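So the structure is just underneath, and the comments pick up after that.
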Amino acid sequence: MDLNAVRTYVTVVDTGQFQEAAAALSVTQQAVSKRIATLEKDLGVALFRRPARGAGLTIDGQAFLPYARALLRAEEEAAASVRPGHRALRVDVIGRRLSTAGLLRDFHRAHPETGLDVMTLFNSAEAIAAVQAGTIDATFRALIVPGRQLPDGLAATVVFDEPLQLFTGPAHEFATARSLTPAQLAGRRIWMPGNAADTEWAAYYDELAAAFGITIDAVGPNFGVEHLLDTIADSSTLGTFLSEQTPLVWPAGHDLRRIPLRDPTPVYPHSLIWRSDNPHPALAALRHHLTSAYPGRPATGIWTPQWAQPARAEHR
């Protein structure tokens with residue numbers, strides 16, 4: 001069905017005359033008549049009675065009118081969905097309850113008029129491929145897993161260095177510590193069942209473990225954060241790594257402890273990755289929001305893997 005013909009039909013209805021419709025559409029009256037005739041042929045019914053003056057609707061014309069208006073609204077909505085600045089910005093975060101989701105919520109609070117479509121893709125390879133293909137606008141990821149380079153046409157900049165903390169239950173040997181050094185965790189068992197192989201976070205924790213002699217235990221089913229904390233709360237030997245920015249609520253009886261890590265503080269490096277030719281104005285606003293809030297990476301006092309990108313560096 002020709003939407004130009006449908007638009008012409010609705011315009012004739014609204015103006016009441018073929019001549020007035022022609023003027024409104026900036027076409028000839030003959031063109032209006034031809035479009036209406038084509039539409040009537042496609043539908044197999046007459047839409048208008050053609051008295052000497054005016055253009056009255058037939059009963060079929062009356063029945064078709066609300067659907068014709070709906071077609072034109074759908075056309076406008078379809079065009080608006082991809083019009084620059086109108087389509088929701090599609091951004092990937094590793095998890096909706098992790099710190100990068102918090103960064104995106106902060107952006108939404110600062111820009112409530114901006115539409116956001118929040119995705120949760122599994123690993124870096126999948127997310128970067130989606131950015132490259134244009135199915136998402138940006139992703140928050142740690143860069144770069146050893147041996148994997150950012151594809152041409154993509155850009156990245158560090159936006160957040162997330163300090164890690166040790167989480168323990170009340171019976172753990174470090175439960176009363178005010179802070180710890182990573183070296184004090186040498187030989188201790190850190191339980192992280194979500195530390196899946198071939199992910200950027202597994203690469204990060206493997207290097208952290210190697211640097212400080214820590215045992216990262218990924219054995220066991222991953223039932224989510226709640227099950228992890230339930231197990232940690234009852235254990236005198238297990239701890240896990242989370243961050244202060246991870247939003248958690250646990251039963252009062254768990255008495256879980258957050259213990260800061262110092263000298264150095266391990267930080268997990270989050271970068272924003274996007275296509276350098278992406279014109280979405282909300283993407284530029286998101287980048288500005290994140291980079292403006294990022295204080296830069298301190299020269300001393302922190303630990304991050306050698307493969308992590310330098311602070312404030314943008315790669316193309």
Side-chain angles (χ1 to χ4, degrees), residues 77-96 98-108 110-111 113-162 195-207 267-297 304-316:
E77 290 169 1
S81 71
V82 293
R83 192 174 295 136
H86 291 260
R87 175 180 60 79
L89 190 70
R90 304 190 79 190
V91 183
D92 164 60
V93 296
I94 295 175
R96 297 178 191 275
L98 300 180
S99 61
T100 49
L103 295 179
L104 208 52
R105 286 193 297 270
D106 289 343
F107 171 72
H108 182 60
H111 300 269
E113 74 288 350
T114 299
L116 287 175
D117 189 1
V118 182
M119 315 294 293
T120 52
L121 302 178
F122 177 63
N123 62 24
S124 180
E126 182 183 359
I128 289 173
V131 173
Q132 191 173 23
T135 56
I136 62 174
D137 293 296
T139 182
F140 288 95
R141 294 287 158 173
L143 284 180
I144 296 172
V145 174
R148 184 180 300 154
Q149 299 297 315
L150 199 61
D152 291 341
L154 300 192
T157 189
V158 179
V159 293
F160 181 46
D161 290 322
E162 182 175 13
N195 212 38
D198 298 323
T199 60
E200 65 268 32
W201 55 91
Y204 173 89
Y205 286 110
D206 285 348
E207 191 153 336
V267 299
Y268 190 94
H270 296 283
S271 291
L272 185 74
I273 306 168
W274 70 95
R275 278 181 64 118
S276 54
D277 62 354
N278 187 327
H280 200 304
L283 176 59
L286 174 63
R287 289 166 49 196
H288 177 74
H289 173 86
L290 294 169
T291 55
S292 296
Y294 179 57
R297 184 171 294 163
T304 197
Q306 291 297 314
W307 47 261
Q309 300 293 342
R312 294 193 183 281
E314 192 167 291
H315 303 270
R316 297 182 186 275

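All values below come from the heavy atoms of this structure, side chains included, with hydrogens, waters and symmetry mates left out. Source: prediction; values computed, not measured.
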Exercise. To the nearest 0.5 angstrom, please state how far the CG atom of L283 sits from the OG1 atom of T114.
Key: 11.0 Å
Self-check item: Pairwise side-chain contact, D106 with H289, heavy-atom cut-off 4.5 Å (strictly under)
Solution: yes
Practice problem: Could you check if a side-chain atom of M119 sits within less than 4.5 angstrom of a side-chain atom of V91, using non-hydrogen atoms only? | Solution: no
Quiz prompt | Where L150 and A156 come nearest, the two heavy atoms and their spacing | solution = CD2-CB, 3.9 Å
Quiz item: What are the two closest non-hydrogen atoms of A127 and T139, and how far apart are they?
Solution: CB-OG1, 3.5 Å
Quiz item: Between P269 and Y204, is any pair of side-chain heavy atoms under 4.5 Å apart?
Solution: yes
Practice problem: Please determine if R87 and D117 form a salt bridge, counting it only when a charged side-chain N lies under 4.0 Å from a carboxylate O. | Solution: no
Quiz prompt | F160 and H270 aromatic ring geometry - parallel, tilted or perpendicular at 30°/60° bounds | solution = parallel
Quiz item: Heavy atoms, side chains only, cut-off 4.5 Å: are E207 and W307 in contact?
Solution: yes
Quiz item: Out of curiosity, R105 CZ to L116 CG, how far, rounded to the nearest 0.5 Å?
Solution: 12.0 Å
Quiz prompt | Any donor-acceptor pair under 3.5 Å from R275 side chain to Q132 backbone | solution = yes
Quiz item: Side chain of S276, backbone of G153: donor and acceptor closer than 3.5 Å?
Solution: yes
Exercise. For residues L286 and D137, determine if any side-chain heavy atom of one lies less than 4.5 Å from a side-chain heavy atom of the other.
Key: no
Practice problem: Carefully, step by step, assess T304 and R297 under the rule side-chain contact (heavy atoms from CB on, under 4.5 Å). | Solution: CA-CA 10 Å; T304 197; R297 184 171 294 163; 3.9 Å; yes
Practice problem: Flag the pair I94 / E200 as yes when at least one side-chain heavy-atom distance between them is below 4.5 Å, and no otherwise. | Solution: yes
Quiz prompt | Closest contact, heavy atoms only, R287 versus L272 | solution = CG-CD2, 3.7 Å
Exercise. Could you walk me through whether F107 and L290 pass the side-chain contact (heavy atoms from CB on, under 4.5 Å) test, one step at a time?
Key: CA-CA 8 Å; F107 171 72; L290 294 169; 5.8 Å; no
Quiz item: What's the verdict on side-chain contact (heavy atoms from CB on, under 4.5 Å) for E162 and T100, showing C-alpha distance, side-chain angles and the deciding distance?
Solution: CA-CA 9 Å; E162 182 175 13; T100 49; over 6 Å; no
Self-check item: Separation of T135 OG1 from D92 CG (nearest 0.5 Å)
Solution: 9.5 Å
Practice problem: Taking R96 for its side chain and V118 for its backbone only, find out whether a donor-acceptor pair lies under 3.5 Å. | Solution: yes
Quiz prompt | For T199 against A196, the heavy-atom pair lying closest together | solution = OG1-O, 2.7 Å
Quiz item: N123 versus D198: any side-chain heavy-atom pair under 4.5 Å?
Solution: no
Exercise. Go through the steps to decide whether T157 and W274 satisfy the test side-chain contact (heavy atoms from CB on, under 4.5 Å), and finish with yes or no.
Key: CA-CA 9 Å; T157 189; W274 70 95; 3.9 Å; yes
Practice problem: For the residue pair Y268 and D161, establish whether any side-chain heavy-atom pair is separated by less than 4.5 Å. | Solution: no
Quiz prompt | Atom pair CD1/CG of I136 and N278 - distance to nearest 0.5 Å | solution = 10.5 Å
